[in-house]
Amino acid sequence: MTDCLFCRIVARQSPADIVYEDDAVLAFKDIYPKAPVHLLIVPKRHIASLMDARDDDANTLGRCVLAARRLAETTGYAEKGFRLGVNTGPEGGQAVYHVHFHFTAGRRPRSDA
Ligand code: 5GP
Ligand code: ZN
């Protein structure tokens, strides 16, 4: 079994509250939400961090961004707006080394983030 938490969630070897899935992307609720809506959007293929992304990951990463648009529509935040963030590296606050986009909505974002 892989030791990557998000690969295990993609493989259904660890539980998660999944809100969106297609052939390239999975989105699920953050277990410790920091906003009224806090979702994590991940590529199904393991990419450890944005710094490990290659040119041929562009389509997959773009699909993650477009999944955010879809999630904005399904969660009711298309008009009100939302925030999409990718913590990268130790000083970027990345704790899980499988690229993920934080989708947060329902409160004003912090001015420093
Ligand atoms: P990072 O700090 O790497 O940008 O974000 C990791 C995120 O994963 C955190 O917001 C944290 O709450 C979330 N997280 C950690 N463990 C789990 C888990 O087992 N399940 C889910 N759904 N989210 C998790
Ligand atoms: Zn992984």
Side-chain angles (χ1 to χ4, degrees):
M1 186 189 282
T2 173
D3 61 2
C4 172
L5 171 63
F6 290 171
C7 280
R8 286 201 306 273
I9 288 175
V10 167
R12 307 299 206 274
Q13 291 167 347
S14 289
D17 197 340
I18 292 167
V19 294
Y20 174 76
E21 178 172 28
D22 63 32
D23 60 308
V25 174
L26 190 74
F28 48 90
K29 293 184 181 174
D30 195 295
I31 203 167
Y32 304 117
K34 291 154 197 80
V37 177
H38 188 169
L39 308 174
L40 299 173
I41 305 168
V42 308
K44 285 189 168 176
R45 188 149 49 91
H46 181 85
I47 304 168
S49 117
L50 209 48
M51 293 309 296
D52 297 293
R54 305 181 310 255
D55 285 354
D56 63 0
D57 293 315
N59 187 262
T60 302
L61 295 171
R63 300 264 305 266
C64 290
V65 174
L66 292 175
R69 183 192 65 192
R70 183 187 293 255
L71 287 163
E73 289 163 354
T74 56
T75 57
Y77 284 91
E79 303 299 325
K80 284 179 279 192
F82 60 91
R83 186 167 181 278
L84 197 62
V86 185
N87 297 332
T88 304
E91 295 196 7
Q94 184 174 8
V96 177
Y97 277 77
H98 178 133
V99 168
H100 49 282
F101 293 74
H102 290 263
F103 177 104
T104 51
R107 65 155 166 80
R108 295 186 69 78
R110 295 200 323 266
S111 58
D112 67 339

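Order of listing sets the numbers, starting from 1, for every ligand and every atom in it.
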K.L.:
Other residues, nucleotides and ligands only: do more than 12 of their heavy atoms fall within 6.0 Å of CZ on Arg63?
P.N.:
yes
K.L.:
Are the ring centres of His100 and His102 closer than 6.0 Å?
P.N.:
yes
K.L.:
Looking only at protein heavy atoms, identify the closest one to atom 12 (O) of ligand 1 and say how far it is in Å.
P.N.:
Asp30 OD1, 2.5 Å
K.L.:
Restricting to N, O or S atoms, which atom of His98 is closest to the Zn ion (ligand 2)?
P.N.:
ND1
K.L.:
Could you name the option among His100, His38, Lys29, His102 that has the heavy atom nearest to atom 22 (N) of ligand 1?
P.N.:
Lys29
K.L.:
Tell me the protein heavy atom at minimum distance from atom 24 (C) of ligand 1, and give that distance in Å.
P.N.:
Ile31 CG2, 3.4 Å
K.L.:
Check the pair Phe28, Val42 against side-chain contact (heavy atoms from CB on, under 4.5 Å), reporting the backbone distance first and the verdict last.
P.N.:
CA-CA 9 Å; Phe28 48 90; Val42 308; 4.0 Å; yes
K.L.:
Which atoms of ligand 1 have any heavy atom of Leu40 under 4.0 Å away?
P.N.:
8 (O), 13 (C), 23 (N)
K.L.:
If the cut-off is 4.0 Å to any non-hydrogen atom of Gln94, which atoms of ligand 1 fall inside it?
P.N.:
3 (O)
K.L.:
Which residue supplies the protein heavy atom nearest to atom 19 (O) of ligand 1, what is that atom called, and how far is it?
P.N.:
Leu5 CD2, 3.6 Å
K.L.:
List the steps, then state whether side-chain contact (heavy atoms from CB on, under 4.5 Å) holds for Val96 with Leu40.
P.N.:
CA-CA 11 Å; Val96 177; Leu40 299 173; over 6 Å; no
K.L.:
Is Phe6 close enough to touch ligand 1? Criterion: a residue heavy atom under 4.0 Å from a ligand atom.
P.N.:
yes
K.L.:
Is there a side-chain contact between Arg12 and Leu26 in this structure, where contact means two heavy atoms from C-beta onward sitting under 4.5 Å apart?
P.N.:
yes
K.L.:
Which ligand 1 atoms, with their elements, are less than 4.0 angstrom from a heavy-atom of Phe28?
P.N.:
22 (N)
K.L.:
Using a 4.5 Å cut-off on heavy atoms from C-beta on, say whether the side chain of Arg45 contacts that of Asp57.
P.N.:
yes
K.L.:
Would you check if Val37 and Phe82 make a side-chain contact, meaning some heavy-atom pair closer than 4.5 Å?
P.N.:
no
K.L.:
Do me a favour and list the nearest non-hydrogen protein atom to atom 2 (O) of ligand 1 with residue, atom name and distance?
P.N.:
Gly93 O, 2.8 Å
K.L.:
Looking at Ala95, which atoms of ligand 1 are within less than 4.0 Å of one of its heavy atoms?
P.N.:
1 (P), 2 (O), 3 (O)
K.L.:
Is the backbone of Leu50 close enough, under 3.5 Å, to the side chain of Gln94 for a donor and an acceptor to pair up by distance?
P.N.:
no
K.L.:
As an exercise, identify every atom of ligand 1 less than 4.0 angstrom from a heavy atom of Lys34.
P.N.:
9 (C), 10 (O), 12 (O)
K.L.:
In terms of side-chain heavy atoms, does Tyr20 have a donor or acceptor partner in Asp22 at a distance below 3.5 Å?
P.N.:
yes
K.L.:
For the atoms SG of Cys7 and SG of Cys4, give the angle they form at the Zn ion (ligand 2), rounded to 10 degrees.
P.N.:
120°
K.L.:
What is the name of the N/O/S atom of His46 that is nearest to the Zn ion (ligand 2)?
P.N.:
ND1
